[in-house]
Amino acid sequence: MKKWLAIALGTGLVLSYAGTGHAEKADKKDKTKWKMVWSDEFTKQQLDRTKWTYDTGNWIVDAEGNAISPGWGNNEKQYYTTKKDNSFIRDGKLVIRAKEEKTTDSLGSYDYTSAKLKTKGLFSKTYGRYEIKAKLPTGKGLWPAFWMLPEQDKYGAWASSGEIDVMEAWGSQPDKIAGTIHYGENWPNNKYTGKDYHFPDGGRIDQWHTYAVEWEPGELRWYVDGNLYQTQNDWYSKGKNTATNYSYPAPFDQNFYLVMNLAVGGWFDGEVDETTKFPAEMEVDYVRVYDLKNRDYREPVEPVYEDVTLPDGAKQPLDGNLVYDQAYEKAIKTITDGAQVLDPTYWNYVTLPDFGGKGSVDVTEQDGTRFASVTIDQPGAQNYAHQLIQKISLAQGGRYEVSFDASSEQARTIVAKVGGGAERGYTKYSNEEVIDLTPTVKRHTFTFDMAAETDLAARLEFNLGLAQAGVKIGNVRVEQVPRGEIDETATKPALSDGNQIYNGTFDQGAMDRLTYWQFDAGQTKGTGSVDPVTRDFTFKTKAQTKKGQPATLTQRGVQLQENHQYVLRFKADSKRIKQIQVKATNADGTTAYLPTHDVPLTKQTTTVEIPFTMTQATDLNSQLQFNFGLAKGEVTLDDVELIDVTPVEVDRSPLKNGSFSDGLNFWSSYVHYDAQAVVSTVNDAAKLAIASEGQEPWSVLLEQGNLQLVKGQTYQLTFKAASTVARPLEVTVENASYTRYFSQIVELGTEAKTYQFDFTLGQDDTAGLKFLLGKAAGSPFAAHDVTIDDVTLEVK
């Protein structure tokens with residue numbers, strides 16, 4: 001076979017593919033042909049390093065090389081190496097070998113070695129057919145995979161920029177594999193959808209099989225041995241500073257590179273056991289990438305959504321509400337033992353001793369509304385140490401709105417979400433919504449799209465742990481709502497990065513990428529469009545117009561505050577057109593806030609900055625308008641932003657209760673389920689009694705969030721800390737998207753020591769100070785106590 005392939009490669013191998021098999025049989029009339037454009041047949045004696053490079057180690061590191069998370073973020077136990085006994089060529093096949101052997105580095109010790117190969121920086125591609133022929137190992141805790149990641153993370157951190165899993169297998173379940181896509185927002189608000197493939201006729205992963213994905217604009221198709229077993233075409237991507245989703249088919253419209261690896265342990269198949277045999281080997285006959293030969297790639301078609309109907313047997317909505325017993329007239333079932341089963345129809349209060357929670361639930365009435373009133377005796381070590389849960393039925397493709405009234409004994413947060421149960425791996429269908437509560441009852445609302453397969457036993461969860469204050473929740477509704485169009489002219493609060501302009505990068509919303517903008521050609525007969533590759537707006541006109549209305553590009557609903565100072569910034573270039581004009585006015589254009597400003601242009605792209613002060617009364621529905629004139633030519637715009645630069649009074653001491661004299665007020669803690677710890681205050685100091693530090697740096701942490709930090713300010717952080725067992729402590733300052741502005745590891749000893757550091761903010765942001773006391777160099781530690789006191793964060 002290898003000799004034949006070598007000849008075929010020289011002539012350009014063409015694959016005429018019409019899949020057959022027991023799964024979703026491919027259309028036999030499909031005459032699609034694929035031409036191979038890249039491959040590795042592993043015919044050389046050594047791995048071809050012009051095609052493959054390696055990931056090494058056990059930790060995820062950032063761009064500066066700082067350690068972020070062990071176990072590759074998945075609790076994996078192997079240490080990846082470049083050693084020849086972990087990856088090598090044998091008899092014309094690549095072998096990735098996992099071995100049970102100890103190794104260490106500066107970050108820790110590991111019990112297994114393996115290899116992870118990738119083509120990043122060497123080969124990446126958008127669209128095509130990606131195929132591997134492989135024989136996979138079996139055994140509990142073995143996790144072989146062939147998958148793809150974006151070359152540039154064009155849309156942001158994982159999973160905003162996407163991931164394509166062509167094949168991944170459970171070593172303990174050799175009769176099946178899975179294909180999956182990951183997308184959505186930055187972790188933890190990522191989403192995934194996929195499907196398992198079960199081999200027919202006793203087939204197993206430890207036999208030779210061919211796994212492939214065919215990727216076209218707006219569609220991915222998965223095959224095993226030619227059998228089409230799933231098609232995906234519904235996904236989205238949203239950045240942290242965007243007003244809406246990136247235009248479909250983002251994130252799957254950019255170059256992805258290839259990855260293949262054999263992991264040991266991790267969340268996917270759990271830990272190895274005594275039945276797992278080492279060394280374990282993943283064998284690869286070839287990896288091939290094809291391009292379409294006899295037709296163009298399909299045009300992407302944005303998903304169209306209609307109201308969906310739940311099947312028979314589902315909990316059907318009552319008066320539009322998928323939540324039953326809204327007034328708590330039925331008894332709320334209390335679950336205090338993991339062996340107990342949730343009431344499948346009505347409300348459940350769950351507080352399991354495994355997570356340190358202890359409390360009770362009653363029903364109370366306030367202003368005519370009945371509330372589930374949760375009393376918290378012990379807050380527990382997880383936000384899910386106390387839960388109010390009802391199972392509901394959700395249909396794939398539906399958009400759902402969750403709404404409820406809530407209050408608390410004192411200011412605190414809770415986490416609300418909708419997701420799957422254990423049989424769905426507790427996957428999230430909605431984001432994890434952090435809800436701020438006060439003693440005043442307020443209405444809270446969030447929406448989500450059900451991208452996963454229909455779930456008749458989804459879980460609506462209110463996670464109430466980690467804080468002592470009791471919580472009341474009432475008038476809960478989950479309703480299907482239409483996927484309405486965006487009101488593009490509505491008032492627009494500033495985005496999280498301070499930009500007052502929505503979709504100033506012309507890559508969001510509908511597939512024309514002009515959502516929030518209104519283009520008017522006037523009398524120019526010109527066109528205004530966004531290039532799908534360069535993602536910039538271009539105005540073109542082929543004829544000089546003598547008179548009449550010029551072409552304009554307008555954004556309405558811009559918020560301008562009286563006496564605030566602004567900077568309008570954008571990039572522009574032109575062909576033939578010498579200048580454009582820009583202005584900001586009220587909604588009908590009769591009052592100028594930024595008077596008409598002439599902007600000279602050339603062929604070279606330049607960044608234009610125009611400062612101005614809003615001297616009129618506040619207008620939350622003003623408009624920004626670009627005027628392209630009447631001349632023949634072309635103008636390109638991009639990266640439009642309007643930033644409020646009004647000097648603000650700086651909170652010189654944003655951190656509160658650093659002396660812990662008010663207990664843990666303003667502070668929160670988190671203990672992952674793989675760790676055991678109790679967080680309290682003793683003698684006006686924070687005490688973390690850690691029985692097991694878990695498998696992640698963040699498995700045990702103490703945090704104060706909601707710190708309003710200001711760009712350009714230098715902050716001085718000071719704290720005192722000690723540990724009954726010598727160990728490292730990692731302290732960070734990071735925002736909700738885990739962007740770190742400061743990170744430092746200090747070595748704690750039995751004597752309390754004061755630590756002091758300075759750092760400067762590169763942008764205005766709301767951040768949190770975190771003390772990470774989970775897994776670290778030297779883990780595992782014996783049971784120990786860590787004390788933290790006298791924490792200050794002040795402008796220097």
Side-chain angles (χ1 to χ4, degrees), residues 183-185 189-194 232-238 243-245 248 301-330 342-348 369 372 387-406 414-421 423-424 426-433 435 442-463 473-488 490 509-510 515:
Y183 55 92
E185 302 182 42
N189 289 323
N190 53 293
K191 302 291 189 300
Y192 68 87
T193 48
Q232 297 281 349
N233 51 32
D234 186 2
W235 57 72
Y236 70 96
S237 171
K238 189 175 188 301
T244 189
N245 296 344
Y248 188 80
V301 178
E302 194 163 13
V304 176
Y305 304 101
E306 300 176 353
D307 285 350
V308 295
T309 303
L310 287 166
D312 293 340
K315 277 182 64 179
Q316 300 293 338
L318 301 176
D319 190 28
N321 190 4
L322 289 160
V323 171
Y324 285 15
D325 192 26
Q326 183 180 16
Y328 305 106
E329 294 171 344
K330 307 280 186 181
L342 293 178
D343 186 304
T345 307
Y346 301 110
W347 287 103
N348 300 268
T369 298
Q387 295 178 299
L388 192 64
I389 297 175
Q390 185 170 141
K391 290 191 174 185
I392 58 176
S393 295
L394 301 175
Q396 185 175 22
R399 171 168 289 177
Y400 295 93
E401 180 181 86
V402 180
S403 58
F404 58 95
D405 297 330
I414 64 172
V415 175
K417 73 169 186 176
V418 181
E423 69 284 354
R424 296 279 186 113
Y426 297 105
T427 182
K428 299 186 294 289
Y429 302 146
S430 74
N431 287 348
E432 293 184 340
E433 302 287 344
I435 309 296
K442 293 182 181 178
R443 190 78 177 156
H444 302 275
T445 303
F446 64 91
T447 61
F448 68 96
D449 296 330
M450 181 60 176
E453 291 184 351
T454 295
D455 189 348
L456 304 188
R459 293 158 55 108
L460 169 64
E461 299 180 7
F462 297 97
N463 295 290
I473 296 175
N475 195 20
V476 183
R477 298 187 66 85
V478 178
E479 302 166 278
Q480 187 180 157
V481 295
R483 297 198 183 197
E485 295 182 358
I486 294 172
D487 184 354
E488 299 185 51
T515 298

Set of side-chain hydrogen bond (donor to acceptor under 3.5 Å, both in side chains) partners for [X], sequence neighbours left out:
X: Asp487; answer: Thr489
X: Glu488; answer: none
X: Lys391; answer: none
X: Glu479; answer: Arg477

Which heavy atom in [X] sits nearest to a heavy atom in [Y], and how many Å separate them?
X: Pro317; Y: Leu310; value: CD-CD1, 4.2 Å
X: Ala395; Y: Tyr400; value: N-OH, 2.9 Å
X: Leu394; Y: Ala458; value: CD1-CB, 3.7 Å

Listed partners of [X] passing side-chain contact (heavy atoms from CB on, under 4.5 Å), at least two apart:
X: Asn189; result: Glu185, Asn431, Glu432
X: Ala327; result: Glu329, Arg370
X: Thr244; result: Ile486, Gln508, Tyr516
X: Pro303; result: Asp234, Tyr248, Tyr305

Exam field: side chain [X] to backbone [Y], donor-acceptor pair closer than 3.5 Å:
X: Thr447; Y: Glu401; value: no
X: Asn321; Y: Val323; value: yes
X: Gln396; Y: Ala451; value: yes
X: Asp343; Y: Asn348; value: no
X: Trp347; Y: Tyr328; value: no
X: Thr445; Y: Ser403; value: no

Please list, chain by chain and in numerical order, all residues satisfying salt bridge (Lys or Arg N to Asp or Glu O under 4.0 Å) with Asp405, sequence neighbours excluded. Arg443

Set of residues satisfying ring-ring contact (aromatic ring centres under 6.0 Å, His included) with respect to Phe404, sequence neighbours excluded: His444, Phe462

Taking only residues at least two apart or on different chains, which pairs with a member in residues 452-462 satisfy side-chain hydrogen bond (donor to acceptor under 3.5 Å, both in side chains)? Gln387-Glu461, Tyr429-Asp455, Arg459-Glu461, Glu461-Asn463

Going by the ring-ring contact (aromatic ring centres under 6.0 Å, His included) test, which pairs reach into residues 306-325, not counting sequence neighbours? none

